[in-house]
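This report refers to the structure that appears directly beneath it.
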Protein chains: 2
Amino acid sequence: MLDEIDRMLLALLKQDTRRKYSELGEIVHLSPPAVHERVKKLERAGVIRGYTIEIAPDALGLSLYAFVRLRVSRVPCEELARTLHTFSEVEECYSSAGTESMMIKVHTATPATLELLLDRIRQMPGVEGFQTSIVLATHFQRENIPMD
Amino acid sequence: MLDEIDRMLLALLKQDTRRKYSELGEIVHLSPPAVHERVKKLERAGVIRGYTIEIAPDALGLSLYAFVRLRVSRVPCEELARTLHTFSEVEECYSSAGTESMMIKVHTATPATLELLLDRIRQMPGVEGFQTSIVLATHFQRENIPMD
DNA sequence: AGTGAAAGTGCTTGTGG
DNA sequence: CCACAAGCACTTTCACT
């Protein structure tokens, strides 16, 4: 489905989408229209879901990250996820195997804001309790694009 | 530092960077060159760190996500982070407050690959143990851009 | 800082191999 | 599936407000 050239293009575009097609073509040894054709195909296939910017995490005045693991009972996780989606501070939401059935990543300006958020989460039906891990440092974030 | 128009532009570009400057200008009531000027300023200020693509998580044949919380002793977290960076399956790496001093997000093709990775992590000096949470569902991932 | 017009550049499409 | 060439749209710059 995806050959090596496709994977190289994905890796290159992941680094910087504003590379010229001619530049990409030189690297993968293809002409600009050929690169264009492949990229469009990746878009249509849904492999490339969208073109976005990476924003400096601290530029927006939100300095506090935390992971919260939720202990859930009775209520389906998907239903809780819909409620959590309405809290703008909740940036990621997962279901997981284990005692804590859900895990979220939250992003707030201050500890006080985090406390308010946790208060709201505590009141959600089905949430029996949670464990919070404050993030002290983000060492790296990246994406793994295997070339096989 | 960042006014409301800047934040709107960031939110719009986050959704789709291939919007035309004229299109952005209509929304924020500015001319294309004015939008251009602001975007360049955001780039120079480091608020916009880069332009990337979003890749469908399952398109690359990696179907298994897991969070691993590491119990660390003796060794500085930053040193462990450098070692973890050499494992391509480790996509995110954080230091956190609490009993488990570090937390990583890993992305592998199969449970067998995950096991091999955990074996390697287990052998790292300073890693006393870890707890693994397999991700069953990713409900949402997004970014919070406050408009204040 | 923002506007308007003009120039430059790369994207995009059609034709052909 | 890819290379070549041309039309076209957008980005980018410049002079001015």
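Here is the naming used below: chain letters follow the sequence lines, and residue numbers restart at 1 for every chain.
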Using whole Å, what does the distance between atom [atom2] of nucleotide [N] and atom [atom1] of [X] come to?
X	N	atom1	atom2	value
A:Arg18	D:dT11	CZ	P	11 Å
A:Leu24	D:dC2	CG	P	14 Å
B:Asp3	C:dG2	CG	P	8 Å
A:Lys40	D:dC2	NZ	C1'	18 Å
A:Glu23	C:dT9	CD	P	16 Å
A:Glu37	C:dC11	CD	P	15 Å
B:Leu13	D:dT11	CG	C1'	14 Å
A:Arg44	C:dT12	CZ	P	12 Å

> Nearest of D:dC2, C:dA5, C:dA1 to any side-chain atom of B:Pro33?
Replying inline: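 Output: C:dA5.
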
> Of the candidate nucleotides D:dT11, D:dT13, C:dC11, which contains the atom at the shortest distance from the side chain of B:Tyr21?
Replying inline: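 When the side chain of B:Tyr21 is considered, D:dT11 is the closest of D:dT11, D:dT13, C:dC11.
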
Return no unless some side-chain N or O of [X] is found under 4.0 Å from OP1 or OP2 of [N].
X	N	result
B:Arg38	C:dG2	yes
B:Lys41	C:dA1	yes
A:His36	C:dT12	yes

> Would A:His107 and A:Glu89 count as having a side-chain donor-acceptor pair, cut-off 3.5 Å?
Replying inline: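 Side-chain D/A pair, A:His107 to A:Glu89: absent.
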
> How about B:Thr110 and B:Thr113: does a side-chain donor come under 3.5 Å of a side-chain acceptor?
Replying inline: yes

>> Looking at A:Arg7 and A:Glu4, is there a salt bridge between them, counting it only when a charged N and a carboxylate O are closer than 4.0 Å?
In response: no

>> Between B:Arg74 and B:Glu128 (salt bridge meaning N to carboxylate O under 4.0 Å), is one present in this structure?
In response: yes

>> Heavy-atom nearest nucleotide on DNA chain D for A:Ala34 versus B:Ser22: which residue maps closer to 5'?
In response: A:Ala34

> On DNA chain D, nearest-nucleotide positions of A:Val35 versus A:Lys20: which is more 5'?
Replying inline: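 Result of the comparison: A:Val35.
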
> Centres of the A:Tyr65 and B:Tyr94 rings: under 6.0 Å?
Replying inline: no

